[in-house]
Amino acid sequence: MIRVNLSEARAQLSRMVDAALRGERVVLCRRNVEIAEIRPLPRPPARQRPTGIDRGLEIPDSFFEPLPEDLLRDFEGRGEPDETA
């Protein structure tokens with residue numbers, strides 16, 4: 001960690017920014033009391049991340065059909081209680 005008073009930071013700002021870009025923590029002080037930190041902004045990804053898992057995935061029409069009533073009952077908690085419990 002680099003601690004630097006404001007008067008020194010003004011004279012060496014470029015050097016402090018370079019240190020922050022290298023990953024060092026740069027803390028600005030006023031009368032030896034920490035008041036701020038210089039750190040790099042997050043960089044955007046180099047390329048856009050593709051949406052979805054598989055662009056060639058084909059969804060069958062049956063995917064959009066309503067679920068069977070017994071399966072809906074189970075999902076909604078309306079199913080018959082298990083008699084073995």
Hydrophobic side-chain clustering at under 4.5 Å (ILVMFWY, transitive links): who's grouped with [X]? Put none if nobody.
| X | answer |
| --- | --- |
| Val33 | none |
| Val27 | Met1 |
| Ile59 | Phe63, Phe64 |

Check: Arg25 and Ile2 side chains under 4.5 Å, non-hydrogen atoms: no

Let me confirm one number: the [atom1]-[atom2] distance from [X] to [Y], rounded to the nearest 0.5 Å.
| X | Y | atom1 | atom2 | result |
| --- | --- | --- | --- | --- |
| Ile35 | Arg30 | CD1 | CZ | 4.5 Å |
| Leu6 | Leu28 | CG | CG | 6.0 Å |
| Asp70 | Arg73 | CG | CZ | 5.5 Å |

Non-neighbouring partners of Glu69 that pass side chain to side chain donor-acceptor pair (under 3.5 Å), sequence neighbours left out: Arg78

Sequence neighbours excluded - side-chain hydrogen bond (donor to acceptor under 3.5 Å, both in side chains) pairs with any residue from residues 3-13: Arg3-Glu34, Asn5-Asn32

With sequence neighbours excluded, give me every side-chain hydrogen bond (donor to acceptor under 3.5 Å, both in side chains) pair touching residues 56-65. none

Please enumerate all residues that pass side chain to side chain contact (heavy atoms under 4.5 Å, CB included) together with [X], with sequence neighbours excluded.
| X | value |
| --- | --- |
| Ser14 | Asp18 |
| Phe75 | Leu67, Leu71 |
| Pro42 | none |
| Pro40 | Ala20, Leu21 |

How would you list, by chain and number, every residue that makes a salt bridge (charged side-chain N to carboxylate O under 4.0 Å, His left out) with Arg15, sequence neighbours excluded? none

Restricting to salt bridge (charged side-chain N to carboxylate O under 4.0 Å, His left out), what partner residues turn up for Arg22, sequence neighbours left out? Glu24

